[in-house]
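We count residues from 1, following the sequence as given.
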Amino acid sequence: MIDEIVQHTDIVTMVGGGPAKTEDLLNVLAYSPFLVAADGGAVLADRAGLVPDAVIGDFDSIPKQLLDKLPQDCLHRIAEQDSTDFEKALSNVAAPLVLAVGFTGARTDHQLAVFHTLVLHPNRPCIVIGAQDVVCLAPPVLSLDLVVGDTVSLFPMGPVSGHSEGLRWPIDGLNFSPDQKIGTSNEATGPVRLRFDAPKMLLVLPRHAIPLLVQHWMQAPLLWPAL
């Protein structure tokens, strides 16, 4: 078995080449200064005056002058074209949690590929941070002290069912699937507890829920196994 490129015992920040401000990156780095750039994410890191601890990708989105400037031992080129740069990076980071910024808000196909990767690697806890909300693959069990009225959207990427407490519209007894039943625009009535029977449900929450999600994953939660 080949070891991952990055093995870290704490949170890892990952930056992509999508629309994001240096302020967005710096805010995420407050959780973890250990920085991995997925290919073109190295450009935003450089703009913020940062040198990534690792750069992973096929390097087709990094200007040559930046490649030449970066320390060679932080560059990890993966030339195959069967996976996206986000998948190349996430699948090669072993950490309790990855906070990913710069992976939403641009091309729709790229964003869909990010969500696909979350489901493809359920054993890699990752919170994808957008301008207004965050997306993650829901773990087997999750308890969050959300605020009354917080939007809780559930979007299945395959057949999945579950149990909920603290949602305005409970999900018990529902069989979710992307072509049949989805659960967007639900609301919290207070603290929320969710349980799912398969690693197929995307959870979309307001951006202010980041600290709650971070707290959950850093308390040694139950994880999905690798596919």
Side-chain angles (χ1 to χ4, degrees), residues 1-107 110-111 113-118 120-121 123-137 207 210-211 213-215 217-218:
M1 181 177 178
I2 299 175
D3 291 335
E4 295 89 348
I5 292 170
V6 172
Q7 299 185 39
H8 200 56
T9 58
D10 206 343
I11 300 170
V12 167
T13 297
M14 185 177 293
V15 60
K21 302 175 182 177
T22 56
E23 180 183 0
D24 296 327
L25 177 56
L26 294 176
N27 287 339
V28 176
L29 282 167
Y31 290 96
S32 170
F34 193 94
L35 179 61
V36 173
D39 205 86
V43 176
L44 179 59
D46 184 64
R47 195 182 307 146
L50 302 168
V51 177
D53 294 279
V55 183
I56 303 172
D58 56 19
F59 298 170
D60 64 351
S61 300
I62 307 178
K64 185 178 183 304
Q65 63 185 52
L66 177 54
L67 274 177
D68 292 340
K69 183 171 73 170
L70 289 168
Q72 293 304 297
D73 60 358
C74 83
L75 300 178
H76 303 274
R77 188 190 298 269
I78 301 176
E80 55 87 2
Q81 295 295 306
D82 294 328
S83 63
T84 65
D85 290 319
F86 178 62
E87 184 181 350
K88 288 180 175 72
L90 187 64
S91 63
N92 277 290
V93 173
L97 179 63
V98 172
L99 298 179
V101 62
F103 294 96
T104 64
R107 285 172 46 178
H110 286 177
Q111 191 160 307
V114 168
F115 299 155
H116 166 78
T117 296
L118 294 180
L120 192 62
H121 297 280
N123 61 321
R124 307 287 187 186
C126 178
I127 303 171
V128 178
I129 300 170
Q132 299 183 21
D133 50 29
V134 298
V135 183
C136 64
L137 180 69
R207 189 163 168 160
I210 294 174
L213 290 169
V214 169
Q215 181 181 31
W217 264 294
M218 296 310 291

Inset, instruction - List the atom of Val128, the atom of Phe86, and the distance in Å for their closest heavy-atom pair. - result: CG2-CZ, 4.4 Å

Inset, instruction - Quick one: list whatever passes ring-ring contact (aromatic ring centres under 6.0 Å, His included) with His8, sequence neighbours left out. - result: Phe34

Inset, instruction - Using a 4.5 Å cut-off on heavy atoms from C-beta on, say whether the side chain of Thr13 contacts that of Leu25. - result: yes

Inset, instruction - Write down the atom of Leu97, the atom of Met218, and the distance for their closest heavy-atom approach. - result: CB-SD, 4.3 Å

Inset, instruction - Ignoring hydrogens and angles, tell me if any N or O in the side chain of Ser61 forms a donor-acceptor pair with the backbone of Gly40 under 3.5 Å. - result: no

Inset, instruction - Taking the side chain as every heavy atom from C-beta outward, state whether Leu70 and Pro52 have any pair of such atoms under 4.5 Å apart. - result: yes

Inset, instruction - Side-chain contact test, heavy atoms from C-beta onward, threshold under 4.5 Å: evaluate it for Val12 versus Leu99 and give yes or no. - result: no

Legend entry - Salt-bridge criterion met for Glu87 and Arg124 (N-O under 4.0 Å): no

Legend entry - Considering all heavy atoms, the nearest Val98-Met14 contact: CG1-CB, 3.8 Å

Legend entry - Minimum side-chain heavy-atom gap Lys88-His76 below 4.5 Å: no

Inset, instruction - Could you name each residue pair satisfying side chain to side chain donor-acceptor pair (under 3.5 Å) that touches residues 14-24, not counting sequence neighbours? - result: none

Inset, instruction - Run the salt-bridge test on Lys69 and Asp46 with the 4.0 Å N-O cut-off and return the result as yes or no. - result: yes

Inset, instruction - Write down the atom of Asp58, the atom of Asp85, and the distance for their closest heavy-atom approach. - result: N-OD1, 3.3 Å

